[in-house]
Amino acid sequence: MEKIIAVTFDIADQKCKMYNALEWHNFIADIREQAEDPSASLEDLFDEYYGDEFWFEVIPNPFAIYQVAFDLRSEEFIHCQSDAECEAVIAMAADAGDEDEIFWAE
């Protein structure tokens with residue numbers, strides 16, 4: 001498990017990604033370098049750079065996360081602490097016929 005401080009999902013490439021502190025810092029710095037207004041809020045920066053179909057979540061109290069997924073149906077991130085939790089998410093999505101709506105972080 002790794003201490004994750006943020007997660008993102010981009011509908012354009014259908015990828016969910018987890019970030020540790022250094023990765024998140026570098027990710028934001030790269031976007032600010034290319035932004036028209038580098039002092040803009042994260043939401044405004046992401047809207048400018050990625051558009052409206054980009055979701056992110058900054059975890060206020062970072063904790064160890066086993067796996068993260070993005071649920072396109074609810075537009076929310078799913079945090080799993082074990083294989084059993086991941087399997088339960090997969091099973092519930094399969095039962096509903098929505099397994100294609102769940103995107104696991106790389």
Side-chain angles (χ1 to χ4, degrees):
M1 288 190 201
E2 185 173 355
K3 194 176 248 187
I4 301 302
I5 69 157
V7 290
T8 61
F9 176 73
D10 187 359
I11 191 75
D13 60 11
Q14 297 186 342
K15 290 191 180 180
C16 184
K17 186 167 182 189
M18 298 185 287
Y19 298 84
N20 64 30
L22 179 60
E23 292 167 337
W24 186 246
H25 171 80
N26 291 339
F27 178 66
I28 299 302
D30 289 345
I31 291 174
R32 287 196 189 281
E33 283 180 8
Q34 300 173 38
E36 288 181 25
D37 178 8
S39 65
S41 70
L42 287 182
E43 188 157 335
D44 290 340
L45 287 172
F46 291 143
D47 282 349
E48 176 187 332
Y49 195 78
Y50 291 104
D52 292 341
E53 300 291 312
F54 184 84
W55 292 268
F56 73 99
E57 179 177 277
V58 177
I59 302 166
N61 297 313
F63 56 92
I65 294 176
Y66 180 77
Q67 182 57 280
V68 173
F70 185 78
D71 184 342
L72 192 55
R73 299 165 301 173
S74 65
E75 297 182 353
E76 294 180 349
F77 289 96
I78 301 166
H79 301 216
C80 296
Q81 299 299 325
S82 67
D83 274 336
E85 285 185 32
C86 292
E87 289 170 8
V89 169
I90 292 167
M92 288 188 329
D95 288 347
D98 292 331
E99 57 270 10
D100 292 339
E101 301 294 313
I102 304 291
F103 298 87
W104 293 95
E106 300 177 346

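Quantities reported herein were computed from a predicted structural model and do not represent experimental measurements. We're numbering straight along the sequence, starting at 1. These values consider heavy atoms only, across backbone and side chains, with no hydrogens, waters or symmetry-generated copies.
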Gap between atom [atom2] of [Y] and atom [atom1] of [X] - 0.5 Å precision:
X	Y	atom1	atom2	answer
Asp47	Ser41	CG	OG	8.0 Å
Tyr50	Asp13	OH	CG	8.5 Å
Phe46	Asp44	CZ	CG	11.0 Å
Glu75	Glu53	CD	CD	7.0 Å
Ile11	Phe70	CD1	CZ	7.5 Å
Glu43	Phe54	CD	CZ	11.0 Å

Could you tell me which non-hydrogen atom of [X] sits nearest to which non-hydrogen atom of [Y], and how far apart they are?
X	Y	value
Ile5	Ala21	CD1-CA, 3.6 Å
Thr8	Phe27	CG2-CE2, 4.3 Å
Asp37	Leu45	O-CD2, 3.8 Å
Met18	Glu23	O-OE1, 3.8 Å
Glu36	Glu48	N-OE2, 3.0 Å

I'd like to know if the side chain of Arg32 reaches the main chain of Ala40, judged simply by a donor and an acceptor atom lying under 3.5 Å from each other, with no hydrogens or angles considered. yes
Donor-acceptor contact present, side-chain Gln67 to main-chain Cys86, <3.5 Å: no
Just checking Gln34: does its CD atom have more than 12 heavy atoms from other residues, nucleotides or ligands closer to it than 6.0 angstrom? yes
With side-chain contact (heavy atoms from CB on, under 4.5 Å) as the criterion, how do Ile59 and Trp24 come out once you've worked through the C-alpha distance, each side chain's angles and the decisive distance to 0.1 Å? CA-CA 11 Å; Ile59 302 166; Trp24 186 246; over 6 Å; no
side-chain contact (heavy atoms from CB on, under 4.5 Å), that's the test. Do Tyr49 and Asp30 meet it? Break it down for me. CA-CA 11 Å; Tyr49 195 78; Asp30 289 345; over 6 Å; no
Assess the residue pair Lys17 and Val68 against the criterion (side-chain contact (heavy atoms from CB on, under 4.5 Å)); give the C-alpha distance rounded to whole Å, side-chain angles, the decisive distance to 0.1 Å, and a yes or no. CA-CA 8 Å; Lys17 186 167 182 189; Val68 173; over 6 Å; no
